[in-house]
Student: 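Got a structure for you, questions after.
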Amino acid sequence: MVTQWIGRLFDERAWPARLTLLFVLTVGYLVLLRAPASPPTLADWVLALAAVALSAGGGRWPLATAFAQSGLLMVAYEVSNHAAVVVKIAAGVALFELAMRRSGWQVLVGTLAPTAVYVLHPSGGVPALLYRAAVLVGAPVLIGAYIRSVRQAAAQAQQRVAEEQRRRLSETRAARANERTAIARELHDVVAHHVASIVLRVGVARHVLPADDPRVREVLDDVHGSGTATLSALRRLVTVLREPEVGDTPPFVEPGELHAALDEVVQRGRQVGLDIDSSVDPAVGGLDPVRGLAVLRLTQEGLTNVAKHAGTAARAEVSMRLTPDDAVLLEIVDDGGTSPPALPSDGAMPGHGLIGMRERVELLGGSLSVGREGRGWRLSALLPSAAPPMGLPVTKTCRLHPHTPAEVHP
């Protein structure tokens with residue numbers, strides 16, 4: 001604590017404070033301690049104030065200041081009665097700043113200058129000379145050197161911490177790059193290969209099978225279009241995973257494209273048989289790319305869950321709007337369908353869709369809630385503004401899809 005206080009006081013930018021303190025001490029010494037018995041002369045005032053003024057240069061020119069104070073001390077011994085004490089203190093401060101800011105030969109040379117002055121003007125014999133050398137020369141140099149060593153140790157510790165953080169960050173990035181490469185390889189070699197095969201076979205079926213039933217043609221066209229879009233998305237994802245310059249940046253949805261992307265998701269839901277009533281606030285189109293992508297993925301997964309668990313004949317309502325504080329409120333409500341699929345008899349947990357939605361919402365500091373409503377179920381997601389207020393608690397609630405036998409509260 002003391003070393004920190006001294007370091008702050010003798011910081012280069014704190015020279016006005018040091019100058020003011022020395023000036024107050026000097027005036028107090030000459031006026032209060034010396035004036036009653038022996039009033040200070042003009043030479044005393046000039047030399048004392050000159051020593052105080054020279055102290056201002058100790059931060060930028062410590063060696064020159066130490067030499068100047070030593071020369072002023074020589075003059076004070078010759079012509080002044082009381083200023084010598086003030087100049088001695090100023091010379092000690094100069095030696096302290098020199099030892100705190102410099103090392104090696106500069107400290108040695110700066111220490112010899114005032115020592116020579118004390119040797120040339122002895123008073124009180126050898127014991128007095130040794131005392132002045134120890135108190136007025138040795139002590140300031142030792143304290144300054146100690147402060148410098150503490151500062152260097154702190155700087156080295158900070159440097160080591162920074163290097164360790166950079167090393168860990170580099171290792172983390174390397175591990176993530178390896179993981180992304182492995183995932184990209186699996187996506188390319190397994191998933192993309194099979195999707196491409198499906199698209200190819202459906203394309204062949206479209207040309208080979210007779211078109212007597214338009215419903216068959218419609219289904220084949222829909223499967224072919226979905227497979228082509230999926231294959232394109234997989235290729236973009238593989239590119240993002242493999243390109244180092246892309247890093248962790250996901251393929252965001254630009255603000256101008258969000259409405260069209262949401263409409264496409266709703267249309268695909270209707271094509272599988274869902275009766276979807278969509279209500280989207282026009283202001284949602286101006287969302288930032290991060291929240292836009294989250295809203296799109298949540299809508300996709302939510303409608304997929306409705307078709308999977310409530311049946312393709314279910315009716316769903318999709319509502320999306322901005323709150324007054326610029327948060328996004330997404331709600332997907334279904335009526336439960338007419339004949340929802342039976343639950344797994346073994347009580348198995350569902351897939352990773354809901355977990356992925358929860359993680360995506362939590363990453364943005366929002367909340368996700370899924371629960372029963374009548375015969376159907378409601379999914380409600382709240383995404384805060386792009387810059388959520390710091391320090392506010394975030395409620396994160398997530399239950400498994402309503403048509404599963406278990407609930408999870410994270």
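Values below: every heavy atom of this structure, side chains too, minus hydrogens, waters and symmetry copies.
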Student: Quick check: closest heavy atoms across Gly302 and Leu379, and the distance to 0.1 Å?
Tutor: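 Looks like CA-CD1, 4.5 Å.
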
Student: Apply the side-chain contact (heavy atoms from CB on, under 4.5 Å) test between Arg268 and each candidate in Leu303, Asp263, Asp222; give the one that qualifies.
Tutor: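 Checked Leu303, Asp263, Asp222 against Arg268; only one passes side-chain contact (heavy atoms from CB on, under 4.5 Å): Asp222.
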
Student: Checking Val86 against Leu47 for the side-chain contact (heavy atoms from CB on, under 4.5 Å) test, could you report, in this order, the C-alpha distance in whole Å, the side-chain angles of both residues, the deciding distance, and whether it holds?
Tutor: CA-CA 9 Å; Val86 177; Leu47 290 173; over 6 Å; no

Student: Determine, for Arg291 against Asp326, whether the closest basic-nitrogen to carboxylate-oxygen distance falls under 4.0 angstrom.
Tutor: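 Salt bridge present between Arg291 and Asp326.
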
Student: Can you measure from CZ (Phe67) to CG (Leu112) and round to the nearest 0.5 angstrom?
Tutor: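 These two atoms lie 8.0 Å from each other.
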
Student: Taking atom CG of Leu330 and atom OG1 of Thr299, what is their separation to the nearest 0.5 Å?
Tutor: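 Separation between the atoms: 4.5 Å.
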
Student: Any salt bridge linking Arg168 with Glu164? Criterion: basic side-chain nitrogen under 4.0 Å from a carboxylate oxygen.
Tutor: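 Judged by the 4.0 Å cut-off on N to carboxylate O distance, Arg168 and Glu164 do form a salt bridge.
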
Student: Taking atom CZ of Phe23 as the centre, report whether more than 12 heavy atoms of other residues, nucleotides or ligands fall under 6.0 Å from it.
Tutor: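 Open.
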
Student: To the nearest 0.5 Å, tell me how far Leu322 CG sits from Leu329 CG.
Tutor: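 Leu322 atom CG to Leu329 atom CG measures 9.5 Å (nearest 0.5 Å).
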
Student: Is there a side-chain contact (heavy atoms from CB on, under 4.5 Å) between His309 and Asp334 once you walk through the steps?
Tutor: CA-CA 10 Å; His309 299 286; Asp334 67 80; over 6 Å; no

Student: Can you name the closest pair of heavy atoms from Ala99 and Val107 and give their distance?
Tutor: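 The pair with the smallest heavy-atom distance is CA-CG2, 4.0 Å.
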
Student: Stepwise, does the side-chain contact (heavy atoms from CB on, under 4.5 Å) test hold for Val295 with Met320?
Tutor: CA-CA 9 Å; Val295 166; Met320 197 178 308; 3.1 Å; yes

Student: Specify the closest pair of heavy atoms between Pro384 and Gly365, including all atoms of both residues, with the distance to one decimal.
Tutor: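 Here Pro384 and Gly365 meet closest at CG-O, 3.6 Å.
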
Student: Just jot down the side chain to side chain donor-acceptor pair (under 3.5 Å) partners of Glu171, sequence neighbours excluded, or say none.
Tutor: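 Here the qualifying residues are Arg167.
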
Student: Are Gln165 and Leu169 side-chain neighbours, meaning at least one heavy-atom pair lies under 4.5 Å?
Tutor: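 Result no, sub-4.5 Å side-chain heavy-atom pair not found.
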
Student: How many angstroms lie between atom CG of Asp335 and atom CZ of Arg315, to the nearest 0.5 angstrom?
Tutor: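 Asp335 atom CG to Arg315 atom CZ measures 7.0 Å (nearest 0.5 Å).
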
Student: Closest heavy-atom contact between Ser70 and Val117?
Tutor: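 Shortest heavy-atom separation between Ser70 and Val117 comes out as O-CG2, 3.6 Å.
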
Student: Return the NZ to CD distance between Lys308 and Glu301, rounded to the nearest 0.5 Å.
Tutor: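 So the gap between those two atoms works out to 8.0 Å.
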
Student: Would you check if Leu258 and Val284 make a side-chain contact, meaning some heavy-atom pair closer than 4.5 Å?
Tutor: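 They are in contact (side-chain heavy atoms under 4.5 Å apart), so the answer is yes.
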
Student: For the residue pair Leu142 and Tyr146, establish whether any side-chain heavy-atom pair is separated by less than 4.5 Å.
Tutor: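 When only atoms from C-beta onward are counted, Tyr146 and Leu142 do not touch, as no gap falls below 4.5 Å.
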
Student: CG/Leu120 to OH/Tyr77 distance, rounded to the nearest 0.5 angstrom?
Tutor: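 Output value for this atom pair is 10.5 Å.
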
Student: Compare every heavy atom of Gln69 with every heavy atom of Ala51, then report the nearest pair and how far apart it is.
Tutor: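 Scanning both residues, the minimum pair turns out to be O-NE2, 3.0 Å.
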
Student: Verify the neighbour count for atom CZ of Arg270: are there more than 12 heavy atoms of other residues, nucleotides or ligands below 6.0 Å?
Tutor: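 More than 12 heavy atoms, drawn from other residues, nucleotides or ligands, come within 6.0 Å of this atom.
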
Student: Is Glu373 close to Val333 at the side-chain level, that is, under 4.5 Å between some pair of heavy atoms?
Tutor: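 The answer is yes; the side chains approach within 4.5 Å.
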
Student: Quick one: list whatever passes side-chain contact (heavy atoms from CB on, under 4.5 Å) with Arg148, sequence neighbours left out.
Tutor: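 Partners of Arg148 under the side-chain contact (heavy atoms from CB on, under 4.5 Å) test: Ser103, Ala145, Gln152.
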
Student: So, for Ser278 and Val266, which heavy atoms are closest and what is the spacing to 0.1 Å?
Tutor: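 The pair with the smallest heavy-atom distance is OG-CG2, 4.1 Å.
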
Student: Under a 3.5 Å threshold, yes or no: a donor from one side chain and an acceptor from the other, between Arg297 and Gln300?
Tutor: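 There is such a pair between these side chains.
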
Student: Less than 4.5 Å apart, any side-chain heavy atom of Leu73 and any of Lys88?
Tutor: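 Counting from C-beta outward, Leu73 and Lys88 do come under 4.5 Å.
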
Student: Can you check whether Val370 reaches Asn305 side chain to side chain, under 4.5 Å on heavy atoms?
Tutor: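 Side chain of Val370 against side chain of Asn305, heavy atoms only: no contact under 4.5 Å found.
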
Student: Does Val328 reach the side chain of Leu382, with side-chain heavy atoms less than 4.5 Å apart?
Tutor: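 In short, these two side chains do not touch, never coming nearer than 4.5 Å.
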
Student: Is any side-chain heavy atom of Glu317 closer than 4.5 Å to a side-chain heavy atom of Ile276?
Tutor: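 The answer is no, as the side chains (C-beta and beyond) never meet within the 4.5 Å cut-off.
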
Student: Does the side-chain contact (heavy atoms from CB on, under 4.5 Å) test come out yes or no for Leu383 and Val361, once each step is laid out?
Tutor: CA-CA 7 Å; Leu383 303 179; Val361 171; 4.1 Å; yes

